[in-house]
Structures are given as structure tokens and as C-alpha cells.
Amino acid sequence: MDDKSAAMYRNSAAQAPKIAQAEFPAVEERPGHSDSIEVATTPPKLSTSQFGEGDMNMLPTPLVYTPCSPGSAVRSPMEQKFPSTPSSATARAKKGYGGLMPIGAELLNRSHILEDRQRILSEYAPHSALAPATASSLSQRVSSLSGVELKLDAIHEYAPASQSSLTAADPAQSDSEDVLTGYSVNDTSTPLYWRKVKQIGVGNFSDVYLYEVTEQNAAMPQKVAVKRVKYPEALTLSASPKSPRFREVLSRVENSLTRELEALLCVSHPCIIQFLAINDPTFLNNKRPLSSRDLSRGLPPCDMVMSYCAGGDLFELASQNTLPDWLLRRIFTELTLAVKYLHENLIVHRDLKLENVLIKYPLDDILAMREQPELLHNHHLVELADFGLCRRIEPEEMCTTRCGSEDYVSPEILMGVPYDGRLSDSWAMGVILYALLEDRLPFDPLPSAAPGKRQRRSSTAHRISRFEWRWIKMPESDSPAKEIVGNCLTRKNLRYSIQEIYKNPYVHELVPTLRFAS
Ligand SMILES: Nc1ncnc2c1ncn2[C@@H]1O[C@H](COP(=O)(O)OP(=O)(O)OP(=O)(O)O)[C@@H](O)[C@H]1O
């Protein structure tokens, strides 16, 4: 990855804020009460009659999980020497934007963005809820992935020469702080080694690094992303691991972590991130990988080795570039395939957002691939990531956890009633597609709204609960993409299911050209 691509990675300041408990207003859903709203025609429905709306008391009290700052996290040897990455958020702010602000700049303009990076975690499924019943063989996946990488590497060289030279290093002679020892999720008996190249992402719950293999392993791609879990302050600063508060937070974090690991182990789709290896097999073999240990010397580091997406995340890509229509359509189509796969396997993601849609190759390489249609048709460009809030559901099951990211959360989640997680995912799909088409998030204040005006004063949550959005750039366009947005950003009993998104010509007519999808 070159400097330009590296500079695209953001620090935590540019992330979409998580929902704080205070931001859930006890409002009624008022779809007809929308100022200046364009709501599209009624699509076929997915039944939501079992919702039992309106009883806020049915909901568990959410726990707001505020992650610790990187500086206060439990640090593994490999992390301690790592210098902080330059703030791409600052770089973007310096650039300045005229007219309609790109998504990233709009987000940077929000005063609450640094105060409000929180995720609600209040509901945890039993571990058995994510049994790998629907998984296909992971080893098949790994070998097919490495096949793809080899083929593409022959045409595109993504790593500068100086980085490539690291791959020949002997792990025993290298600085141990930069070397990660891990175990394939398919074979935990043989250690594998990777060397750290650089930090590539910061999430609320993790830091993400690019690593390269130190010795060739047929089952592993040369480059991987390592997602290092950040434990919350309540666990790192607490005096006693035996205190009730410590144990309570530990239990929630442990449940969330094991849920993400189990979900990653059981999914298998080209457009979903691949879980390749882990630093400590206890996280795979033990249902209680944290609480079953002696924690008197701190929490064990958890490093998940994942497939690497050299193009970064869609938030960065969309906020720094004007993407051609064909690429927007392609990205959204692949995302639809990923979410359709999840829903067909009764998994809801619950944190669909631009930041969690990863792009497999740098933009320049994707644009160059267009000259070679074979490449473009044979290889996926998108991988959906971050399964920290996902949940396995029964076919008719409603979710009760009010969770997600502020800009992408559906009105029914804001209302605090049991909700169909699949329809809330559809809502987030509508937010994503709108953002790609309009270069802004649908429930941000309108660009024309003066600072004192009601539209600017009211909160994002308020606008979402009133379905208060409209087309700015493309009111006259008759693109079928608009139909998808209109049928996703609408009340839940009218909203598109993922199958209906898939059947829309904007998605459906592209699918037969994608050979990896068949
Ligand atoms: N496999 C990967 N390849 C490239 N970049 C990645 C990869 N995984 C994560 N990243 C980068 O790191 C960021 C944070 O990753 P992720 O969303 O998984 O962490 P998180 O702590 O769960 O985040 P969140 O704050 O959304 O909960 C992503 O937005 C992306 O920019």
C-alpha cells in the first residue's frame, strides 16, 4: 500500500459515533409526520406482527460500553512500540470542502463526535446460538482465497519493495514486539509467524494492523489484517478482578467477543471478511476464554488474524473520492450478497455502516481492473467486517438490544421496542446506499439549514424517528437505486427485506456478471 492509501486510514476521530443511551428518545413512530420528506411507494412486506410494540419496560437496561483509549488498554508486547498513526481526520479537515460536504467532512463537523463513540451491549445470546451449522469448510475458503491473491499479485503489486523484504525475515531473529505468533483456525497445533507492517485502522473496540507472513504457508495469504481487541477501562484500571463491577463488565465483554469469534468461524462467503488465525487458541476452544483464567496479571491479548482489505473501508473511500456509478453499484451489490447470505443463515449484523464495508484493493487498482473485465468479474471487491454486534436469530425472533451506530440505526430501535434485526439491517443498507449516491448521510442536517434553524438544531435521532430525509443531488433521477433507498428508509412494515433489495434491477441485473457469486 502506498503513502496515499495509508493516509486514507483514519484515526478514531472520524468514526461514526455509537448510540449513547441518552440519545434514545421515547418518541412515537410518526411516518406520516415528515417535513420535506420523499418517501417512495409501498413495497411488499415482511411480516412484523409479532413486535408487541410500545412496552419500553420489556427491554433490558442497556450497558453503555465505553472503550478505553488506546493508551490505557492492556498492551501486548507487539503493541508497545507502535507509533500512533497520523490523523487522516485532521488531514481531511485541512483539505477543506466547498459546496456539498463529502461524508467524512460532514462527520468531522459534528461537535459530539469525540464524546460519543459508544456501543450499547446489553443482550447476549448463549454460546450455542452461533453453532456453525451453516458453515462450509473453512479450509476450502482459505485455499481459494490464497489462490485469488496469488493471481492478482501477479498483475498488481500492492506492497512497496521495502515492505516485501520483511517477509524473508527469520522470526527468531526479529524484534519480538513486532512478531505475532498465531494459530490457524483450522490447525491450532502448529505456530505461524507474522511481522507487523503498520497500523491500518482504529475501531471503538479494537486496533487493526497490517501484518505479513514471515515464512510462506500455503494456507495463508501473504498479508493479513490483525484485529487487536481493546478492553474497556473498567477492566484495565479496576483494582480487583474479583469485584462485582469487574466481573460484570468482564462477562459482557467476554460474551461479545466469543459471539464475534463464533460468528466469524461459521460464516463463509466471498464478500465477508475471513477469520484465518488467532494468537491464542483458548479463544476458540474455551467458551469462557477470559473468566476461566487467572487474571491477576491482566487480561490476555486477543489478536484475530483476518483477510486483509488493501483498499481500506468504504467510509474513507467515499469521503475522499468521487466513485463512478458502476463502482457504487458493484459495491452495493456485493454488500447485498453478503447481507443476504447472513439473513438466509439467520444471522443479523446490526452494525452495517460505511466503516464496516471493506474494499479489497486500492481504488486505482480497481479502476485499472476495469480494463480487464475478466479480473473484475472473477474477484470480489468488498468484504463485510465487524461482527461484534451480530446475532443468530430464530426465524420469527425479534431482537431487543438497542444497538448500532447513530447514523444507521432504524426508527424502531430508537423507539426501544422489539425489532426484526433483518429489517433494521435493511434500513442501514438504505443509509449506506443513500450516502454513496448523495455524498452525505441521510439524517445529517440539510446543507441549506442555517445554524439556528430547527432542522439543524434537532438531533439525528429525531430526524430518523420522523423519517426526515430527502434527495439533494438527484431529485430528478429515475435510477432504480433511488427506489431501493426509498423502500429501505421507510417504516418497518413497508420496508424492503434483503431479498427485495436483491431483486431490484439495480442489484439483480449485475449479479450474473459476478462469477464469484455463483
Ligand atoms: N481486514 C481488514 N483490512 C483492512 N482494514 C481493516 C480490516 N479490518 C478492519 N480494518 C480497519 O479498521 C477499522 C476498525 O475495524 P473494526 O470495525 O473491525 O473494529 P471495531 O473496533 O469493531 O470497530 P467499531 O468501532 O465499528 O465497532 C475498520 O473501519 C477498517 O478501517
Side-chain angles (χ1 to χ4, degrees), residues 1 5-19 64-70 73 85 88-89 103-104 107 113-114 116-121 145 149 158-159 194 197-212 221-232 253 256-257 259-261 263-264 271-277 302-320 338 349-362 380-390 403-409 428 432:
M1 178 161 314
S5 303
M8 283 170 57
Y9 288 109
R10 65 170 188 287
N11 70 355
S12 55
Q15 291 169 337
K18 299 286 183 186
I19 301 161
V64 178
Y65 167 23
T66 308
C68 53
S69 66
T85 49
S88 61
I103 300 158
L107 284 172
I113 197 155
L114 286 172
D116 201 17
R117 294 183 299 106
Q118 299 165 334
R119 171 184 279 175
I120 307 275
L121 298 176
L145 174 84
E149 293 242 330
Y158 298 124
W194 293 268
V197 178
K198 61 185 176 182
Q199 186 160 14
I200 54 174
V202 180
N204 289 303
F205 304 92
S206 63
D207 292 319
V208 184
Y209 302 89
L210 170 63
Y211 273 71
E212 290 189 327
Q222 192 197 359
K223 294 181 186 134
V224 293
V226 174
K227 180 168 170 171
R228 156 158 289 262
V229 172
K230 286 195 283 206
Y231 293 112
V253 170
S256 174
L257 182 57
R259 180 156 52 176
E260 179 168 13
L261 292 170
L264 285 169
C271 302
I272 294 178
I273 202 86
Q274 291 187 309
F275 181 26
L276 302 169
C302 179
D303 296 320
M304 300 177 225
V305 180
M306 326 278 286
S307 50
Y308 169 55
C309 292
D313 66 63
L314 189 52
F315 177 96
E316 291 288 347
L317 191 72
S319 53
Q320 302 214 335
H349 186 279
R350 301 199 298 185
D351 202 14
L352 296 174
K353 58 181 178 180
L354 292 164
E355 292 92 326
N356 288 337
V357 179
L358 304 182
I359 306 300
K360 194 70 189 162
Y361 310 107
H380 66 281
L381 305 181
V382 162
E383 289 187 12
L384 176 62
D386 195 355
F387 284 72
L389 288 179
C390 80
C403 63
S405 296
E406 186 185 54
D407 299 293
Y408 300 82
V409 75
I432 289 171

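Any value given below was found using the heavy atoms of this structure, including those in side chains, with hydrogens, waters and symmetry copies removed. Just so you know, ligand 1 is whichever comes first in the structure, and atom 1 is the first atom listed for that ligand.
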Participant: Given that the side chain starts at C-beta and the backbone is N, CA, C, O, which of these parts of A385 lies under 4.0 Å from ligand 1, counting heavy atoms, or is it both or neither?
Facilitator: neither
Participant: Heavy-atom pairs closer than 4.0 Å: do any link ligand 1 to the side chain of V208, the backbone, both, or neither?
Facilitator: side chain
Participant: Please give me the minimum heavy-atom distance between A225 and S307, naming the atom from each residue.
Facilitator: CB-O, 3.9 Å
Participant: Indicate yes or no: at least one non-hydrogen side-chain atom of Y408 is less than 4.5 angstrom from one of E355.
Facilitator: yes
Participant: Check this for me - ligand 1, E355, N or O atoms closer than 3.5 angstrom, yes or no?
Facilitator: yes
Participant: Heavy-atom distances under 4.0 Å decide this one: backbone, side chain, both or neither, for E383 against ligand 1?
Facilitator: neither
Participant: Answer yes or no: is there an ion pair linking K227 with D386, defined by an N-O contact shorter than 4.0 Å?
Facilitator: yes
Participant: Near S206, which atoms of ligand 1 are under 4.0 Å from a heavy atom of that residue?
Facilitator: 19 (O), 20 (P), 21 (O)
Participant: How about I273 and C309: do any of their side-chain heavy atoms sit closer than 4.5 Å?
Facilitator: yes
Participant: Counting each atom of ligand 1 from 1 as listed, which ones have a heavy atom of G201 under 4.0 Å away?
Facilitator: 11 (C), 12 (O)
Participant: Atoms of ligand 1 less than 4.0 Å from F205 heavy atoms?
Facilitator: 21 (O), 27 (O)
Participant: Within the 4.0 Å heavy-atom shell around I200, which atoms of ligand 1 are there?
Facilitator: 4 (C), 5 (N)
Participant: Does a side-chain heavy-atom distance below 4.5 Å link W194 with E212?
Facilitator: no
Participant: With atoms numbered from 1 as shown, which atoms in ligand 1 lie under 4.0 angstrom from a non-hydrogen atom of L358?
Facilitator: 1 (N), 2 (C), 3 (N), 6 (C), 7 (C), 8 (N), 30 (C)
Participant: Rounded to the nearest 0.5 Å, what separation is found between the CD atom of E383 and the CG atom of N356?
Facilitator: 13.0 Å
Participant: Report yes if the side chains of I432 and L354 come closer than 4.5 Å at any heavy-atom pair, otherwise no.
Facilitator: yes
Participant: Going by heavy-atom distance to atom 22 (O) of ligand 1, choose the closest among L389, V226, D386.
Facilitator: D386
Participant: Can you tell me which portion of S405 lies within the under-4.0 Å heavy-atom range of ligand 1? Options are side chain, backbone, both, or neither.
Facilitator: neither
Participant: With the side chain counted from C-beta on, respond yes when M304 and L257 share a heavy-atom pair under 4.5 Å apart, and no when they do not.
Facilitator: yes
Participant: Between G311, S307, C309, flag the one that comes closest to atom 1 (N) of ligand 1 by a heavy atom.
Facilitator: S307
Participant: Check each of K198, K230, R228 against D207 using the salt bridge (charged side-chain N to carboxylate O under 4.0 Å, His left out) test, and report the only one that passes.
Facilitator: K230
Participant: So, do K353 and D407 sit near enough that their side-chain heavy atoms are less than 4.5 Å apart?
Facilitator: no
Participant: In ligand 1, which numbered atoms sit nearer than 4.0 Å to a non-hydrogen atom of I273?
Facilitator: 1 (N)
Participant: At a 4.0 Å threshold, what atoms of ligand 1 neighbour a non-hydrogen atom of N356?
Facilitator: 17 (O), 26 (O)
Participant: Relative to ligand 1, is K353 under 4.0 angstrom through side chain, backbone, both or neither, heavy atoms considered?
Facilitator: side chain
Participant: Give the contacting part of L210 toward ligand 1: side chain, backbone, both or neither, where contact means a heavy-atom distance below 4.0 Å.
Facilitator: neither
